[in-house]
Amino acid sequence: MIELDFRAANQRPPRFMFIGAHCDDIEIGCGGTVIELTRRYPDATVYWVVLSSEGERKAEAEEAAAAMLHGVRNRTVIIRNFRGAFFPSEAVAIKEFFEELKTTCSPDVVFAHYRDDLHQDHRIVAELAWNTFRDHVILEYEIPKYDGGLGSPSVFVPLAESTVNCKVDLLMRTFRTQLSKRWFTPETFRGLMRLRGIESNA
C-alpha cells in the first residue's frame, strides 16, 4: 500500500503526468488514484495525455478530463489522434512526441500502462514511457480487457468508498460509446478494485 505523500521532500506542489493510449484508459486504469491525488493536492500541476481519440471519442475524452480534473487549476490536457490498434507501426511518431513532451515538463510521477500488457497499443505506450522518462518515477496501471494479462501489481493505492463511486459513475456517465460492450459495467470496475483491495490486505 502506497501513501500518496509527494510533498515531503520538496515543498513545491507536485507535478503529475497521466498517459493513456486511448480515450478512457486513464480513467479505467487509475481514475481512483487521480481523484485521491487531486483531492490531496489541489495545487498540483497535472499533464493529461491521451494518444488516440477522435470524433465522438475525443469529445468523451475532453469531458472526462474536465470532470476528473475539476478544481485543478494548473492542468494541461493533450489529446492526439495516433491510429488506434496500430501503435506498433506508430512507435517512431509516438516516441518523437514523448521526447517533445519531455522538454516541456518534468513530472514528479508518470502514470502509464503496465509494461507487460497484452494489448499492443498499451504495451507500446508503456515501453516508450520507460524509454523516455528515465529520470522519473513511473507507476503503471492496468486495464481489464479480452486479452487478459492483468499481472500482479506491487503497488496499491487506498481508495475511499466515495472515490470508488465517483470513478464508476464517471465511467458510466461519460463514455457513452462504450456502454454496448459487455465488459463495460460497474461490476467490472468495482470487482477489479475489490480484488486488488484483497491483495493489498486492506
Side-chain angles (χ1 to χ4, degrees), residues 1-2 16-37 48-53 57 60-61 64 68 79-95 97-98 107 109-134 136-159 163-164 167-168 170-172 174-175 177-202:
M1 188 75 71
I2 186 172
F16 304 117
M17 177 178 288
F18 299 93
I19 304 174
H22 314 105
C23 169
D24 75 21
D25 282 348
I26 300 171
E27 294 85 350
I28 292 173
C30 61
T33 301
V34 174
I35 294 167
E36 294 285 353
L37 283 174
W48 189 271
V49 182
V50 178
L51 296 173
S52 177
S53 278
R57 294 281 279 160
E60 290 178 343
M68 278 278 176
I79 302 176
R80 300 294 297 267
N81 59 351
F82 293 104
R83 190 179 179 193
F86 288 85
F87 276 24
S89 62
E90 295 263 16
V92 172
I94 296 171
K95 170 62 174 174
F97 168 65
F98 277 11
V109 186
V110 176
F111 293 83
H113 290 275
Y114 170 52
R115 270 179 293 184
D116 292 326
D117 195 308
L118 296 178
H119 189 292
Q120 70 283 346
D121 291 358
H122 300 174
R123 188 170 59 254
I124 288 294
V125 170
E127 291 173 358
L128 293 178
W130 280 94
N131 178 265
T132 304
F133 297 98
R134 295 179 176 272
H136 302 74
V137 173
I138 297 180
L139 295 177
E140 301 174 345
Y141 61 79
E142 59 189 348
I143 305 287
K145 57 196 169 302
Y146 295 121
D147 313 77
L150 289 175
S152 298
S154 59
V155 174
F156 301 89
V157 176
L159 301 181
T163 298
V164 172
K167 169 181 172 170
V168 174
L170 183 141
L171 287 168
M172 305 312 296
T174 307
F175 297 107
T177 60
Q178 305 304 294
L179 295 179
S180 62
K181 294 183 176 178
R182 288 175 293 177
W183 63 270
F184 200 94
T185 67
E187 291 78 13
T188 298
F189 306 123
R190 290 182 185 278
L192 183 55
M193 286 186 278
R194 181 71 183 102
L195 176 63
R196 295 316 187 196
I198 293 170
E199 293 176 349
S200 65
N201 197 28

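Below, all heavy atoms of this structure are taken into account, side chains as well, without hydrogens, waters or symmetry copies. All values derive from a computational prediction rather than experimental measurement.
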K.L.:
Mind checking what makes ring pair (Phe, Tyr, Trp, His ring centres under 6.0 Å) contact with F87, not counting sequence neighbours?
P.N.:
H22
K.L.:
Under a 4.5 Å cut-off applied to non-hydrogen side-chain atoms, are E142 and L192 in contact?
P.N.:
yes
K.L.:
Can you name the nearest heavy-atom pair linking L171 to E27, along with the distance?
P.N.:
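Taking L171 first and E27 second, the nearest heavy atoms are CD2-CB, 3.7 Å.
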K.L.:
Could you tell me which residues satisfy side chain to side chain donor-acceptor pair (under 3.5 Å) with E36, sequence neighbours excluded, listed by chain and number?
P.N.:
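Partners of E36 by the side chain to side chain donor-acceptor pair (under 3.5 Å) criterion, ordered by chain and then number, come out as T163.
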K.L.:
For the pair E60 (side chain) and C23 (backbone), establish whether a donor and an acceptor sit closer than 3.5 Å, ignoring hydrogens and angles.
P.N.:
no
K.L.:
Kindly indicate whether the side chain of R196, heavy atoms from C-beta on, has any atom under 4.5 Å from the side chain of V157.
P.N.:
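No - every pair of side-chain heavy atoms lies 4.5 Å or more apart.
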K.L.:
Tell me the closest heavy-atom pair linking I138 and A129, and the distance in Å.
P.N.:
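For I138 versus A129, the nearest heavy atoms are CD1-O, 3.6 Å.
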K.L.:
Is there a donor-acceptor pair under 3.5 Å between the side chain of Q120 and the backbone N or O of A85?
P.N.:
yes
K.L.:
Within the structure provided, determine whether F175 and I28 are in side-chain contact (heavy-atom separation under 4.5 Å).
P.N.:
no
K.L.:
Please give me the minimum heavy-atom distance between D147 and L118, naming the atom from each residue.
P.N.:
O-CD1, 3.2 Å
K.L.:
So, taking the atom named CG in L170 and the one named CD1 in I35, what distance separates them when rounded to the nearest 0.5 Å?
P.N.:
7.0 Å
K.L.:
To the closest 0.5 Å, what do you measure between CG (L51) and CZ (R80)?
P.N.:
8.0 Å
K.L.:
Got a sec, which residues hit side chain to side chain donor-acceptor pair (under 3.5 Å) with R83, two or more places apart in sequence or on another chain?
P.N.:
none
K.L.:
How many angstroms lie between OG1 in T188 and CZ in R182, if you round to the nearest 0.5 Å?
P.N.:
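Going from OG1 on T188 over to CZ on R182, the span is 11.5 Å.
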K.L.:
Where do I143 and H119 land on the side chain to side chain contact (heavy atoms under 4.5 Å, CB included) test, with the steps shown first?
P.N.:
CA-CA 9 Å; I143 305 287; H119 189 292; over 6 Å; no
K.L.:
Side chains of L37 and F111, heavy atoms from C-beta outward: is any pair under 4.5 Å?
P.N.:
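Answer yes - side chains close enough.
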K.L.:
Over 60° means perpendicular and under 30° means parallel, so tell me whether F97 and F82 are parallel, tilted or perpendicular.
P.N.:
tilted
K.L.:
Compare all side-chain heavy atoms of Y146 with those of W183 and state whether any distance is below 4.5 angstrom.
P.N.:
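They are in contact (side-chain heavy atoms under 4.5 Å apart), so the answer is yes.
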K.L.:
Between Y141 and G20, what is the shortest heavy-atom contact and its length?
P.N.:
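Where Y141 meets G20 most closely, the heavy atoms are OH-CA, 3.3 Å.
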K.L.:
For G32 and K167, which heavy atoms make the closest approach, and how far apart are they?
P.N.:
N-CD, 3.6 Å
K.L.:
Could you check whether any side-chain heavy atom of H122 comes within less than 4.5 Å of a side-chain heavy atom of K145, counting everything from C-beta outward?
P.N.:
yes
K.L.:
Tell me, do W48 and M68 make a side-chain contact under 4.5 Å, heavy atoms counted?
P.N.:
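Yes, at least one pair of side-chain atoms sits under 4.5 Å.
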K.L.:
Applying ring pair (Phe, Tyr, Trp, His ring centres under 6.0 Å), name anything that partners F184, two or more places apart in sequence or on another chain.
P.N.:
F189
K.L.:
Report the residues that fulfil side chain to side chain contact (heavy atoms under 4.5 Å, CB included) with T132, sequence neighbours left out, ordered by chain and then residue number.
P.N.:
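Side chain to side chain contact (heavy atoms under 4.5 Å, CB included) list for T132, sorted by chain: K95, F98, E99, K102.
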K.L.:
With side chains defined as the heavy atoms from C-beta onward, is the minimum distance between S52 and I79 less than 4.5 Å?
P.N.:
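The answer is no; the side chains never approach within 4.5 Å.
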K.L.:
Please list, chain by chain and in numerical order, all residues satisfying ring pair (Phe, Tyr, Trp, His ring centres under 6.0 Å) with F133, sequence neighbours excluded.
P.N.:
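Checked F133 against ring pair (Phe, Tyr, Trp, His ring centres under 6.0 Å); matches are H136.
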K.L.:
If you take all heavy atoms of P153 and F156, which pair is closest and at what distance?
P.N.:
O-CZ, 3.5 Å
